[in-house]
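Please read the structure below before turning to the comments.
Hydrogens, waters and symmetry mates play no part in the numbers below; they use all other heavy atoms, side chains included.
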Amino acid sequence: MKFWMISLLALTLCACQQTREQYTEVMPPQLFTPAQPPMQVQVPPPPPLTVASQQLASSVYGHWREQGSGPEETRLQLVLLQTGAIDGAQWLAAALQQQLRDLALDSADACYESIAVQYSLHSLVLEANCPERSDLGLGPMISAWQQLPRDFERLSRSVRLQKHIEAFSGRDIERLWRQAVLGQSHPYLRALEQETPKDEGELARWRHQALAGGSWHLLTGAAAHLPAASSPLVAALGKLSGNKPRQGTAKAGLLPDNNHKRILLLDSPGAVQSQVRLGYALAPEGDSRNCELLAALLGRGGSGRLYLDLREQRGLTYGVYGSCIDNPLSRSLKFQGATATLSTGAFVRGIVDHLALLAAKGSTEAELRRAEGFLNGHEWLWQDAPGGWQTRYRHQLERGRSNGHAPRELALFNSDNAALLAQAPIIVIKGDAARIEADLRQALPDFQLQRAE
């Protein structure tokens, strides 16, 4: 028995010594050709989003959807909007949420518990759905802004825990991607990477800066739901912000060089897959329809070029997606996905080659129409989803536009698209560096590999 055990162990060790990792070979990009032509479904663009506005007081504005109907008419958003990036936005949002919980414990009003808090680079949003109240929840939302939470230590623990959780869900690669696509001098980096406030005084300073530099916007489904200009609630909002009109514009930092062929590699020893972010930094100003079209052509759900080739044909990933990030001070085109460690080089090369193929040969009109139908359908969903039109319109306000979202016209693949895709993309990868470095150098020999700190 002992002899057999020794023999089995020897065979196992021998087999392990002879095992070699087989990396996926790089293949040229393939366009999906269906066995029969796909059914042509025309998705018309949605009607224009028509939003009316009224100034209620200095730095206080009301907005309502003129064709609003149904239960969404009673949904009310209180938005603090700032031209520049809001310092400590994540902390301020957490403080508002904790303050609402404290107020709910001290009050019999159930509205406090239903108020949701959101934040972005330029806004802090409280959303109430309290149809039983005559003010639709505006009073409780203003109360949340009037003071900071009582327990700073509990707030600090809550946000630190959230950041710890985010570290396991890709926050580190997103941070590296932001640094690469924005450039080191961009004001968004300071706002997004704000450290823990030293004490309540620093949190109070962030709150004061946000209130002093922002304007208030009330978004609801009907004009009848807005408070009168003479309302004490409007006066309370004016008092919070100092009753001063907000003017001025913020400036973005310099764009990073898209033509620098470099791969930023974030080492994750022992990782069984590699996470990939790849794309381009765009000028902050401009129409994003071209960017949205490219994201849809290459990276839309289950029917973009990347998905059909790299997943359906080659099995390199569970999914690869494209998106157009359009913020007031930065815009970018981004593709992302994950792949097995041994397929990293082939996967990244596949995306790069598809970008070059689209730049060189463009796309057919039928392919453009399918992408346009996808984008139109996406816009229909935004307008129909609870709170969707408010999000869309808030985005317009952040960019300094008072009009609603116009209907989409068929975009064309033009020379601007081709010129962008002909540039070297920014590439950020998180994976086991010891196992993927050689594969990446072989798959992308013209790119410089650089370890991220």
- Item | Heavy-atom closest contact (Pro47 atom, Gln383 atom, distance) | O-NE2, 3.4 Å
- Query: Which residue pairs satisfy the side chain to side chain donor-acceptor pair (under 3.5 Å) criterion with at least one member in residues 142-153, sequence neighbours excluded?
  - Reply: Asp106-Arg150
- Task: For side-chain contact (heavy atoms from CB on, under 4.5 Å), just list the numbers for Val51 and Trp64, CA-CA rounded to whole Å, side-chain angles, deciding distance to a tenth of an Å, and then say yes or no.
- Result: CA-CA 6 Å; Val51 179; Trp64 65 95; over 6 Å; no
- side chain to side chain contact (heavy atoms under 4.5 Å, CB included), paired with Leu278, selected from Leu333, Ile263, Leu355, Val428: Leu355
- Nearest heavy atoms of Gly322 and Ala295, plus distance in Å: C-CB, 3.8 Å
- Item | With sequence neighbours excluded, residues passing side-chain hydrogen bond (donor to acceptor under 3.5 Å, both in side chains) with Ser156 | Arg160
- Query: Okay, side chain of Asp199, backbone of Glu202: is any donor-acceptor separation there less than 3.5 Å?
  - Reply: yes
- May I have the step-by-step check of side-chain contact (heavy atoms from CB on, under 4.5 Å) for Ile173 and Val276, ending in yes or no? CA-CA 9 Å; Ile173 188 174; Val276 177; over 6 Å; no
- Exercise: do Thr341 and Asp432 side chains pair donor with acceptor under 3.5 Å: no
- Could you give the distance from CZ (Arg435) to CG (Leu342), rounded to the nearest 0.5 Å? 5.0 Å
- Without swapping roles, check the side chain of Gln99 against the backbone of Asp102 for a donor-acceptor pair under 3.5 Å. no
- Are any side-chain N or O atoms of Ser343 and backbone N or O atoms of Ala346, one a donor and one an acceptor, separated by less than 3.5 Å? no
- Is the closest side-chain heavy-atom distance between Trp177 and Ile426 below 4.5 Å? yes
- Message: What verdict does the side-chain contact (heavy atoms from CB on, under 4.5 Å) test give for Val320 and Phe347, after you've listed the backbone C-alpha separation in whole Å, the side-chain angles of each residue and the deciding distance to 0.1 Å?
- Response: CA-CA 10 Å; Val320 55; Phe347 180 65; 4.2 Å; yes
- Note on the structure: Residues Ser215 and Tyr61: closest non-hydrogen pair is CB-CE1, 4.3 Å
- Steps toward side-chain contact (heavy atoms from CB on, under 4.5 Å) verdict (Gln396, Leu49): CA-CA 11 Å; Gln396 296 290 325; Leu49 177 59; over 6 Å; no
- Query: Hey, does Arg133 have a side-chain heavy atom less than 4.5 Å from the side chain of Asp109?
  - Reply: yes
- Message: On a heavy-atom basis, which atom in Tyr188 and which in Ala85 lie closest, and how many Å separate them?
- Response: CD2-CB, 3.8 Å
- Item | Heavy-atom pair of closest approach, residues Leu297 and Ala371 | CD2-CB, 3.9 Å
- How are the rings of His378 and Trp382 set to each other: parallel, tilted or perpendicular (split at 30° and 60°)? perpendicular
- Query: Can you check whether Glu285's main-chain N or O pairs, donor with acceptor, with Arg331's side chain at less than 3.5 Å?
  - Reply: yes
- Message: I'd like to know if the side chain of Arg65 and the backbone of Gly221 have a donor-acceptor N/O pair within less than 3.5 Å.
- Response: no
- Rounded to the nearest 0.5 Å, what's the gap from OH on Tyr280 to CG on Leu420? Could you check? 6.0 Å
- Task: Could you tell me whether the side chain of Asn129 reaches within less than 4.5 Å of the side chain of Glu127, counting heavy atoms only?
- Result: no
- Query: Is the closest basic N to carboxylate O distance between Asp353 and Arg349 below 4.0 Å?
  - Reply: yes
- Task: First locate atom CG of Leu211, then atom CG of Leu237, and finally report the distance between them rounded to the nearest 0.5 Å.
- Result: 10.0 Å
- Message: What I want to check is whether the side chains of Ser303 and Arg370 have a donor and an acceptor closer together than 3.5 Å.
- Response: no
- Message: When you measure from the side chain of Asp309 to the backbone of Pro29, do you find a donor-acceptor pair of N or O atoms at a distance under 3.5 Å?
- Response: no
- Query: Is there a donor-acceptor contact under 3.5 Å from the side chain of Ser231 to the main chain of Leu233?
  - Reply: yes
- Message: Less than 4.5 Å apart, side chain to side chain, heavy atoms only: is that true for Leu121 and Leu329?
- Response: no
- Here the gap from Ser59 atom OG to Leu80 atom CG, rounded to the nearest 0.5 Å, amounts to 9.0 Å
- Message: Taking the basic N atoms (NZ, or NE/NH1/NH2) and the acidic carboxylate oxygens, is any pair closer than 4.0 Å for Glu365 and Arg369?
- Response: yes
- Task: Find out whether Val79 and Leu397 are in side-chain contact, i.e. whether some heavy atom of one side chain is under 4.5 Å from a heavy atom of the other.
- Result: no
- Message: Once rounded to the nearest 0.5 Å, what's the spacing between atom CZ of Phe335 and atom CG of Leu298?
- Response: 4.5 Å
- Distance col, row Leu78:CG vs Thr220:OG1, nearest 0.5 angstrom, shows 12.0 Å
- Note on the structure: Checking His63, Gln390, Arg394, His217 against Gln77 for side chain to side chain donor-acceptor pair (under 3.5 Å), the one that qualifies is Arg394
- Task: For the residue pair Trp91 and Trp206, categorise the inter-ring angle as parallel (less than 30°), tilted (30 to 60°) or perpendicular (more than 60°).
- Result: tilted
- Less than 4.5 Å apart, any side-chain heavy atom of Leu240 and any of Arg207? yes
- Query: Looking at side-chain heavy atoms only, is the closest gap between Leu358 and Ser363 below 4.5 Å?
  - Reply: yes
- Is there a side-chain contact between Asp326 and Cys291 (heavy atoms, below 4.5 Å)? no
- Nearest non-hydrogen partners of Gly183 and Leu189, listed with the distance: O-CD1, 3.2 Å
